[in-house]
Chemist: 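My questions will all concern the structure given below.
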Amino acid sequence: MIRKLIYHLISIYAVSRSESIGFTILIPVLFIVIFTPLWFKYLYEAEGVADERYHLEFKEWIAESEASIQKENGDSEPEYFDESPKYHDFDPNLAEVAELKALGFKPWIAERIVKYRNAGGRFNTPEDLSKIYGISEEQLALLTPYVKIAATNGPVEKNATAIENKKYPERVKVKIPVKSINSAVAEDLIFMRGIGPVLSERIVKYRDMLGGFSSLDQIDEVYGLDKAIADSLKQYFYLDTALVRKLNINYLKAEELRKHPYINYKLANALEQYRIQHGDYAQPQDLLAIKILDDSTFQKILPYLKID
């Protein structure tokens, strides 16, 4: 049969014997190349249909893993307090974890309250408990009659601007304790109502990408952070610009410069090329000679520039 095919090719198309043999071999090779992927696809699809039980078990495993992670972070609790709490009068400024748990607080919330106090925080009214992330309005309403806060003998010394308690103007001014926003870790942020594990990590990550906040207003730039929560953070934390990491623009290459959130790929290349062509920068203002650098961007990156 193959000989007949070769003979017809030679007689009809006037090709040589070697060309006709090559064409005869090429036809089955083409069939193999074209249909092999389809055959494999059919084979694996057939196996996948027969293995539905495995996929179902895999999905169940994923769901259990996600639920476990959420439970560890305190994000999946359907209820915020125990089913049978033992209510009694307590002072949130003095109660320890065991007592708070007996009152119906989840363990992670009780620990968060104590950590807030250890960081210098104080509850002046029952409503102040709402500052702690995870306490629901329903639980706060149930506990409010039992909250008994001991009066302070005088103002609490802190290192921030005094903030007057507007609800009780007859009381002394209390200075809210603060920590440097540039040295805070995620756990220092999570105690605030509205800031969970994900958002606290996002704030710290954005700060580290910047090299530290040079202004408290930069907190507003964190993706997903509500303006009211950002304003609360500005009250609890102070700014220490000495912790801001600087970019030495006379040494850093474009690949390193463009890692900064304020410096895009195009600007990073321009900064490096201008230095190569004109020599080292003598002062930050020399950057203004770069045409693509507008004044707004220059003012944003200025606190992060260093020239040696």
Side-chain angles (χ1 to χ4, degrees), residues 73-75 92-93 108-135 140 149 152 154-168 171-247 259-262 299-306:
N73 291 332
D75 293 337
N93 293 310
W108 56 276
I109 297 179
E111 292 173 1
R112 190 171 292 170
I113 292 173
V114 173
K115 186 169 184 177
Y116 168 69
R117 294 199 322 251
N118 292 340
R122 176 177 172 78
F123 302 100
N124 297 306
T125 67
E127 290 75 14
D128 285 347
L129 282 167
S130 63
K131 299 174 183 177
I132 305 300
Y133 172 74
I135 299 179
L140 182 60
I149 299 175
T152 57
V156 181
E157 293 299 327
K158 307 297 176 185
N159 56 349
T161 305
I163 298 180
E164 184 176 2
N165 190 327
K166 297 181 180 180
K167 188 169 184 180
Y168 301 96
R171 294 185 178 181
V172 296
K173 293 181 179 180
V174 177
K175 295 180 179 180
I176 291 181
V178 290
K179 182 176 183 178
S180 170
I181 189 67
N182 283 331
S183 62
V185 295
E187 289 74 14
D188 296 323
L189 306 172
I190 201 172
F191 74 85
M192 296 194 64
R193 187 175 183 85
I195 298 183
V198 174
L199 199 52
S200 61
E201 290 287 353
R202 190 181 299 165
I203 294 169
V204 172
K205 184 177 181 180
Y206 182 69
R207 180 201 65 197
D208 292 344
M209 289 174 62
L210 285 170
F213 292 117
S214 62
S215 168
L216 287 177
D217 289 337
Q218 290 174 294
I219 296 175
D220 298 332
E221 299 173 8
V222 178
Y223 175 76
L225 187 62
D226 185 82
K227 183 66 167 62
I229 299 174
D231 291 341
S232 297
L233 280 173
K234 296 172 189 177
Q235 294 180 2
Y236 281 95
F237 295 90
Y238 70 90
L239 185 69
D240 186 358
T241 55
L243 299 176
V244 173
R245 297 193 305 276
K246 306 277 187 176
L247 302 172
K259 294 178 182 178
H260 197 279
Y262 294 160
Q299 294 301 326
K300 289 173 67 176
I301 66 174
L302 183 59
Y304 300 98
L305 301 180
K306 179 175 71 172

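Everything quoted here is computed from the prediction, not taken from an experiment. Throughout, residue positions are numbered sequentially from 1 according to the sequence presented.
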Chemist: Report the distance from atom NZ of Lys115 to atom CG of Asp188, rounding to the nearest 0.5 Å.
Modeler: 6.0 Å
Chemist: Rounded to the nearest 0.5 Å, what separates atom CZ in Arg207 from atom CG in Leu189?
Modeler: 7.5 Å
Chemist: For the CG atom of Asp220 and the CD1 atom of Ile229, what is their distance to the nearest 0.5 Å?
Modeler: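 Reported to 0.5 Å precision, the distance equals 11.5 Å.
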Chemist: Once rounded to the nearest 0.5 Å, what's the spacing between atom CG of Leu239 and atom CG of Asp217?
Modeler: 10.0 Å
Chemist: With rounding to the nearest 0.5 Å, note down the distance linking OG in Ser232 to NZ in Lys227.
Modeler: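 Answer rounded to 0.5 Å: 10.0 Å.
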Chemist: How long is the gap from OG on Ser180 to CZ on Phe237, to the nearest 0.5 Å?
Modeler: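 Separation between the atoms: 9.0 Å.
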Chemist: Is there a side-chain contact (heavy atoms from CB on, under 4.5 Å) between Leu210 and Val244? Walk through the geometry before answering.
Modeler: CA-CA 8 Å; Leu210 285 170; Val244 173; over 6 Å; no
Chemist: State, with a plain yes or no, whether a side-chain heavy atom of Pro303 is found less than 4.5 Å away from one of Thr241.
Modeler: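 Contact flag for Pro303/Thr241 side chains = no.
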Chemist: Taking all non-hydrogen atoms of both residues, which atom of Ala184 and which atom of Val204 are closest, and how far apart?
Modeler: O-CG2, 4.2 Å
Chemist: Mind listing the closest non-hydrogen atom pair of Leu140 and Pro126 along with its distance?
Modeler: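 In terms of heavy atoms, the two residues are closest at CD1-O, 3.3 Å.
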Chemist: Ion pair present between Lys234 and Asp231, side-chain N to carboxylate O less than 4.0 angstrom?
Modeler: yes
Chemist: Above 12 or not: heavy atoms from other molecules or residues under 6.0 Å from NZ of Lys246?
Modeler: yes
Chemist: Go through it in stages, so that I can follow the logic: the residues are Ile113 and Phe123, the test is side-chain contact (heavy atoms from CB on, under 4.5 Å), and I'd like the CA-CA distance, side-chain angles, deciding distance and then a yes or no.
Modeler: CA-CA 10 Å; Ile113 292 173; Phe123 302 100; 3.8 Å; yes
Chemist: Return the set of residues passing side-chain hydrogen bond (donor to acceptor under 3.5 Å, both in side chains) with Tyr206 (not counting sequence neighbours), or none when no residue passes.
Modeler: Glu221
Chemist: Pair Leu199, Leu225 - check side-chain contact (heavy atoms from CB on, under 4.5 Å), show working.
Modeler: CA-CA 7 Å; Leu199 199 52; Leu225 187 62; 3.6 Å; yes
Chemist: With a 3.5 Å distance limit and no angle check, can you tell me whether Asp208 reaches the backbone of Lys205 through a side-chain donor-acceptor pair?
Modeler: no
Chemist: So which heavy atom on Tyr304 is nearest to which on Arg245, and how close?
Modeler: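 So the minimum-distance heavy-atom pair works out to CD2-O, 3.8 Å.
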Chemist: When you measure from the side chain of Arg117 to the backbone of Asn93, do you find a donor-acceptor pair of N or O atoms at a distance under 3.5 Å?
Modeler: yes
Chemist: Would a distance-only check, ignoring hydrogens and angles, find a side-chain to backbone donor-acceptor pair under 3.5 Å from Asn182 to Asp240?
Modeler: yes
Chemist: Would Leu233 and Ile195 satisfy side-chain contact (heavy atoms from CB on, under 4.5 Å), going step by step from the backbone distance to the final call?
Modeler: CA-CA 10 Å; Leu233 280 173; Ile195 298 183; 3.9 Å; yes
Chemist: Would you confirm whether Arg202, through its side chain, and Tyr223, through its main-chain N or O, come within 3.5 Å as a donor-acceptor pair?
Modeler: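 Yes: the side chain of Arg202 pairs with the backbone of Tyr223.
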Chemist: Listed by chain and number, what are the side-chain hydrogen bond (donor to acceptor under 3.5 Å, both in side chains) partners of Glu187, not counting sequence neighbours?
Modeler: none
